[in-house]
Amino acid sequence: MSEITFALPKGRLSEKAIDILERCDIDCSSLKSETRQLVLKDKKEMYKFIFVKPSDVPTYIERGAADIGVAGKDTLLEQNRDIYELVDLKFGKCRMCVAGFDKNKKNLYGNLKVATKYERVAREYYELKGINVDIIRLNGSVELGPIVGLSDVIVDIVESGNTLKANGLTVLEDICSLTARLIANKVSLKTKSELILPLVKKISEVV
Amino acid sequence: MVRKLKIPYGFQDYLPNECYAKRQLENMLSEIYVGYGYKEVETPTVEYYDVFHDVCDNDKLKKMFKLTDNDGSLLVLRPDITLQICRLASKLDLTYPQRLYYVENCFEYLDNNDTARTREFAQIGVELIGDSGLDGEIEIVTLAIKSFLRAGLTDFKIELGNNNFFKGIVSECGLSEREISYLTSLIERKDSLALESFLQSTNASSDFYDKLLLLPTLFGGSEVFEKAEKISENKLTYSAYENLKKLYNALKEIGYEKYICIDFGMLHGYDYYSGFVFKGYSKNFGLCILDGGRYDGLCPSFGFQGKAVGFAIGVQRLLSVLNEKELMHTAPYCDYAYYCENADIAKEISFVEQLRKNGKKVIKLFCNDTETLLGFCKRNNISQAFVIRGDNITKFEKESILCQK
């Protein structure tokens, strides 16, 4: 029986997450095969891996459906879950930024309009600065906001800045820098500590 | 019609089997507490907001169901029973410690349903109010362990902490209250990275820096005491260390060592608890089931002296664990089923009441054919059936029930 359930994010973070697991001598051959299966195991059947949407990883962890997992700091900031955040995995580096047009026209009428996927992050950022904003929640292609006049600025993660550039936008303010993190369920870390702690230690040594 | 069948999110019905299992569990646990001399109390569902205002943090205050009274005063649906009991204890003689327990529902006003929490939740808990010291803490943890054992759990952990350990360390650092509150949230998340960068930004001394960075790692078995002692120079910190060590050793003597673990970085409810804190978990269930500790500050917040220690068990969560482990108590249905055909009612009553007097459960079907009766018995696992015709009682053998389709 698999003892530990490991939640991995599909998409941009998955390859590097698997890379780290391999460096910890965990057999990841099943994870690299072309498969549509959502639940995979290592050869020793010590780990059960589940692939989930990146923003769902903290949900699986908080409720204990997975013991340990990899999530972007952006997701963690936005969701503010009751979990342990154990190791900075140092990949998936990017920044949370405010972006808009170069000559950002000062909005003379009403509140600043902010389009974002990160509602909580944006709200807390502007609250701290004492600026009233209208948050417009979008699920993707946030850059369109200022272009079509839906919003004055956007709050989003910026990796290379190429998407912004291609659309004539620039970074106006830096909010914070982000990386992928190893997170754990609060109960699992205690009830399965003999399995999880050595793994956490190993991972923090190889990153 | 759909709207009429809906209930608000975060609330639930207990259908007969669930309700039976819940009541069984509550009764089993109550029995333990009664055996230790605890007496049950009930508190009102609605309280003044002011009762909670001074002792609960902002987040908790926000998450209260609020109502207004006709004089405009703000009321809340009971968010926490411990505070109510501390209020209630002002009416009791505390010369000797009072032992109290409760089985009640609490309410939390969640504003989004994407959470493992519910808006109404059943709690069963105990409070030991008055001066009881370490012995009181030993008794409370013992009751917690006995509760889990009685419910049928075997692979559970009771985790002990003491927030004075942290309080002592930060008392020497000159950080603001706001900074300390941020610090607790980082340590609660065991987020060493953010902790490190925060400490760098505050120009804390390297000594202080090292102690705090060690805190998220100070958890596990008895081996953590050695590491903890090394950073226990502060008086308050040392007293917390000593408290946990004594408690641990006492529980070990009782034979509970396998259930116990330690976390010096356990800082939940930092404003509420004063010193000793503990939690209860079951393996393979990702949420905390039991929560408790010492709250010596609560009675004084009502203007009288009284130390207190206790815990509460989340009944729904414990039931979920029992359900997953197939340890739930299922309701035994009836022993007998019957129907009448032109029956002599006096004869019927005297016969079935005699059965009930002997402790049998007897159910009457409102039908008039044998097939329905026997079919019902088979579906519900009832082994005995009879028909009353006039003043004549015909019993059916088990075989005739079993051979029903």
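Proteins come first, then strands; the chains are lettered A, B, ... in the order of their sequence lines, and each starts at number 1.
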> May I ask you to check whether over 12 heavy atoms, not counting those of Asn58(B), lie within 6.0 Å of atom CG?
no

> State, to 0.1 Å, how close Tyr281(B) and Val187(A) come at their nearest heavy-atom pair, and which atoms those are.
CD2-CG2, 3.3 Å

> Measure distances from Lys73(A) to the heavy atoms of chain B and classify the residue's part below 4.5 Å as side chain, backbone, both or neither.
side chain

> Looking only at heavy atoms and a cut-off of under 4.5 Å, which of Leu197(A), Asp82(A), Asp67(A), Ile183(A) has the most pairs with chain B?
Leu197(A)

> Inspect the surroundings of NZ in Lys146(B) and state if more than 12 heavy atoms from other residues, nucleotides or ligands are less than 6.0 Å away.
no

> Are more than 12 heavy atoms from other residues, nucleotides or ligands located less than 6.0 Å from atom CZ of Phe11(B)?
yes

> Under 6.0 Å from the CD atom of Glu15(A), do we count more than 12 heavy atoms belonging to anything else shown?
no

> One thing to verify: whether Glu159(B) and Lys186(A) come together as a salt bridge, which I'm taking to mean a side-chain N less than 4.0 angstrom from a carboxylate O.
no

> Can you tell which part of Phe156(B) gets under 4.5 Å to a heavy atom of chain A, answering side chain, backbone, both or neither?
neither

> Heavy atoms, side chains only, cut-off 4.5 Å: are Lys192(A) and Lys283(B) in contact?
yes

> State whether the number of non-hydrogen atoms from other residues, nucleotides or ligands found under 6.0 Å of Gln200(B) atom CD is greater than 12.
yes

> Considering non-hydrogen atoms only, spot the tightest contact between Leu287(B) and Arg63(A) and give its length.
CD2-CA, 4.4 Å

> Quick one: pull up CZ in Arg81(A) and CZ in Arg189(B) and give me the separation to the nearest 0.5 Å.
13.5 Å

> Is the count of non-hydrogen atoms from other residues, nucleotides or ligands lying under 6.0 Å from Lys16(A) atom NZ greater than 12?
no

> Cationic tip of Lys190(A) within the cone over Phe219(B)'s six-membered ring, i.e. under 6.0 Å and within 45° of the normal?
yes

> Please check if the number of heavy atoms outside Glu226(B) that lie under 6.0 Å from its CD is greater than 12.
no

> Would the number of heavy atoms belonging to other residues, nucleotides or ligands and lying under 6.0 Å from CZ of Phe52(B) be above 12?
yes

> Between atom CG of Asp191(B) and atom CG of Leu86(A), what is the distance when rounded to the nearest 0.5 Å?
9.0 Å

> Using modelled atom types only, decide if a donor and an acceptor are shared between the side chain of Asp88(A) and the backbone of Leu193(B) within a distance under 3.5 Å.
no

> Where on Ile83(A) is there a heavy atom nearer than 4.5 Å to chain B: the side chain, the backbone, both, or neither?
backbone

> Report which part of Asp155(B) has an atom under 4.5 Å of a heavy atom belonging to chain A: side chain, backbone, both, or neither.
neither

